[in-house]
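Structure first, then comments.
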Amino acid sequence: MPNIISRRDLDFLLYEMLDAESLTQKPLYAEHSREVFDQIMETAEKLGENVFQPIAALTDREEPVFNNGRTILPEETKEALDAYVEAGFPAMSFPEDLGGLQLPYLISQGVGATMGAANGNVSGYMMLTGAAARLIIAHGSDEQIARFATPMIEGRWFGTMCLSEPQAGSSLADIRTKAERREDGTYKITGNKMWISGGEHDLSENIVHMVLAKVPGGPAGVKGISLYIVPKFIPDADGNPGERNDVVLAGLNHKMGNRATVNTVLNFGDKGGATGWLVGEEGMGLAAMFHMMNEARIAVGLGAASTAYTGYLHALAYAKDRKQGRALDDKNPENPMVPIIEHADVKRMLLQQKAYAEGAVALCLTGARMIDDEKTAEDEAEKAHLNLLLELLTPVMKSWPSEFGPRANDQAIQVHGGYGYTRDYPVERLYRDNRLNPIHEGTKGIQGLDLLGRKVVMKEGAAMKALDAEIRKTLDEASGLEAVAAHADTLKAYWEKLAATTMQMAGQAAKAGPKAYLANATIYLDAFGHVVVAWIWLRQAIVAARAMEAGTGEQNFYRGKLQACRYFFAYELPSVTPMLELLATLDTTCMEMDEAWF
Amino acid sequence: MKVLVPVKRVIDYNVKVRVKPDQSDVDLANVKMSMNPFDEIAVEEAVRLKEAGTAEEVIAVTIGPEKAQDQLRQALAMGADRAILIETTETVEPLSVAKLLAKVCEEESPQLVVMGKQAIDDDCNQTGQMLAALMGWPQGTFASAVTKEGDKLHVTREIDGGLQTVALNLPAVVTTDLRLNEPRYASLPNIMKAKKKPLDKKSPSDYGVEITARLKTLKVTEPPKREAGIKVGSVADLVEKLKNEAGVL
C-alpha cells in the first residue's frame, strides 16, 4: 500500500500479538475465520488505496461551503462514502439480528486504522454514524432501533453527536438546549448546538442527530440532562425520510484541518420547535452518552495513531529517496551525496515516529481486543477485570495517540525539510488533521481529570490492580527472553515508581484538597501513558523476540520491532522520571499563579 | 451459458520483487500474494455477464498451492458461484496449465472461458491461446469489450493499430486486457457468503495430466543497474563516442 499503513504490521498486531484468530473460537464470532478477516482487510486496503487516499488533498483544499442553509462538499466525498457503504463496512461490527456482520471489534478497528490512515476525515462520517447507531441500540426502544438505527447500520442514514453548545463545551453540565414533553410523547427541542461534525450535508438520505437537552424544571447540572433522537427528516409511516424537521444549519466552522468532515453550528427550533424522541429515561442522557463515548474515544485514539502512521511512512519513503550531504567522516566532496536516511539524526526522527505510531496503533488495538474479550467473557470475574482495565485505559488510549501522534507528524515534516512545510507534500496536512485529536471527544485536560480523579481511585484502586496483574503477566513472559529481559526490569521499576507516586499523591489529597491533587493531572496522564506504552512495546518485542528465535524469516521486520522498543525504553521512558518527581510533591506553581501576574 | 474463469495466484503488483541469493528464483517467502490483476478483470467480466442474464453460472478455477484458495475465495466473493482448486506445489508452465484447463473444459463444458491475457509474474501470455488451440475453439485475445449478439460473441481486441472487433462462435476463449472493466471490491456480505460456496479440491493426476516442467531455469538475476551518464565536451566528441564506443553510427 502506498504509504498508508503497513499491512504487515497490522497482521503482526492482529494475529501475532493479539491472536484475533482465537476470537473465532467464541460462539459470538464462530461464523468467522482468518480467511474472512484477511479478505475484509484486503477490501479495506483497496478502498483506502484507490478511493480514499487519492482524494485526501482535494477534500482538504476544497473546504465545505455554506450555501443557503446547505453544505456544499466536493462530490468526491460522496463517491468515496458511497463506495464504503456499498462494500458493506457500516454494518461490520453490529449484531447479526440487527442486520450486522457481527465482526469482532478488533477487526473493525483494523479496518478503521486503514481507513483512518488513508483519509480519516472522510471516514469520520462513518465513525460518527456507527457511534450514533450503537447509542440507540444500547439505550433505545426496539421501535427506535428499527426506525433510526437500522438505516444507519445499512449506511443509508448518517448520525451525529450533539453535545456542545456555544457556552458549554467541556462543561456539559451547563448546556441550555430545552426539551419539552408534548402530549403525543415526543419532545419539542429548542436550542443551539456547536461543533457538530457532519451536522448538515447531502451525503446520506437522512441525518440522525443524537442531542443532549434538559427538561425545564428538572434537576440542575448533569442529572438534568436527557438524550434525544432528532432526525433531519422525520420518518414517514413507511420509515422513509418525510417532513423536514426544524433543525437549521446556522453556519460552518472553518477548521485548521480535518476539513472533509464538515463541522457545523445547528439551531434547533428556530421555526417553533424540532421534534425529538427521548432515548431511555429523562436524566440519564449523559450516562448513556458516556457508554458510547468510551468506544468513540478509542476510535479517536486510533485515528490519531493512524494519521501518525501514514505520516511516518511518507517520511520514511522521502528519507530513502532524498539525497543530501555525505557521511560525517567522508571528507571527499567528489563522492556522491547519500540518501538522508543514512544520517543518524534522520534515523532518530524516523525511529521516534515509528515508536509513537506503531506504539499508538498497538495500544488502541489492544483496547479493541479487550472490548471483544469483555463482550465474550464467560465468567463475571473476568468480565469485571476487563471492564476495569478498559475504564482505566480509555483516557490513555484517547489521549496518548492524540498527544504523540501529532508529534510524530511534526517530525515527519522535519524529515522533509522545506518541502514538508509546503502543500506539495502531504505531511503538513496530516499534521493539521491530527491536531484536532487532543481537542475533541473530551480534551486532553478532561482525560487527565478522568484518569487521576476518577479511574485511578475507583473502587479503591481496583483498576490499578487489574493493570498491575496484566503488566506482571507480561514481565513473566519476558523474563526468559534474553533480547527483552532488561526492558522488563526497566518497565517493572517505572511501573512501581508510578504506582508509588500515585499512592503518595492520594495520601496528600485529603489534606491538600481536590484542586491541588488534580492540578497537574495532564502531566500525570502523560507519565502514565508513557509507562503504558512501554508495556505495549514490551509486548510487541516479546512476540518479535520469539519469532526471531523460531527463525521464521522476515528478520528485518522483527528487528525493527526490537529496535523501536529499545528506542522507546532508552529515549522516551526516562522522560517520565522528572514528571513523577514533580507530581509526587503536588506542586502548586501553576495553580497558585494569579491571573494578575500574567 | 456457463462461464469458466481461470485465475492465478501471483506476487502482488505493489511488491518490489527480489531475487534469491542463490539466483535460483525470485524470493516468494513472506511476500504478499494476490490474484493476477488481469484475472480480476476476467472475474468481473464473467460476473457482469451473469448479472446481465447472459450467463447462468460462473466457475473459478486455479492451479497452485493450497493457499491459492485465497484467490478462489476472492473470486467467489466477487460473484463466482463455485470454484475448483487443482492443487500442486510444482511450478506449472503455460502448456501444462492449458492441458489441465482443457480437461476442466471437457468436464464442465463451459460456453465461454474468460481469463487474463497474461500473468504479471512470468508475463507469458500463452495459456489462453494454447487452451483455444487444444480445444479447437475460437479465441478473442486482449479484449477491451465483450458483448453477446445472438449466438455470437463480439470481442473488441486491442491491437497495435487500434481496435479490432471479431465475432466468435461459442464455445470460445477470451483473454482480457486492462481496459475491459474496473473490477469491483469484494463486499463484506459477499465475503461472508463466499465462505459457504462450494470449492472442489483436485490434483493434476485426477485429470491424468503430466505437469513436469520442460524449461530449465539456469539463473535469475536482477536487471543491471543503470549507470550514470557522462558529459561530452563538444559535438565532435559526441559523434566520436557514438561511432567508436556506442557503435551506433
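Per chain, numbering begins at 1; letters A, B, ... match sequence-line order.
The number of heavy atoms from other shown groups lying within 6.0 Å of CZ (Arg34(A)) is above 12. Other residues, nucleotides and ligands contribute at most 12 non-hydrogen atoms within 6.0 Å of the CD atom of Glu86(A). Residue Glu31(A) places its CD atom among 12 or fewer non-hydrogen atoms of other residues, nucleotides or ligands, all under 6.0 Å distant. Heavy-atom neighbours of Lys103(B) NZ from other residues, nucleotides or ligands within 6.0 Å: at or below the threshold of 12. Environment of CD in Gln23(B): crowded, with over 12 heavy atoms of neighbouring residues, nucleotides or ligands closer than 6.0 Å.
Annotation: the span from Gln74(B) atom CD to Asp38(A) atom CG amounts to 12.0 Å, rounded to 0.5 Å. The distance from the NZ atom of Lys46(A) to the OG atom of Ser34(B) is 7.0 Å, given to the nearest 0.5 Å.
A salt bridge between Arg73(B) and Glu42(A) is absent, with no side-chain N of the basic residue lying under 4.0 Å from a carboxylate O of the acidic one.
Within residues 2-12 of chain B, no residue has a heavy atom under 4.5 Å from a heavy atom of chain A. Listed in order of number, the residues of residues 179-194 of chain B that approach chain A to under 4.5 Å between heavy atoms are Tyr185(B), Ala186(B), Ser187(B), Leu188(B), Pro189(B), Ile191(B), Met192(B).
Counting heavy-atom pairs closer than 4.5 Å to chain B, the top residue among Arg8(A), Glu35(A), His32(A) is His32(A).
Within the 4.5 angstrom heavy-atom criterion, only side-chain atoms of Lys196(B), from C-beta onward, approach chain A. Heavy atoms closer than 4.5 Å to chain B are found in both the backbone and the side chain of Phe89(A). For Gln39(A), the parts lying under 4.5 angstrom from a heavy atom of chain B are both the backbone and the side chain.
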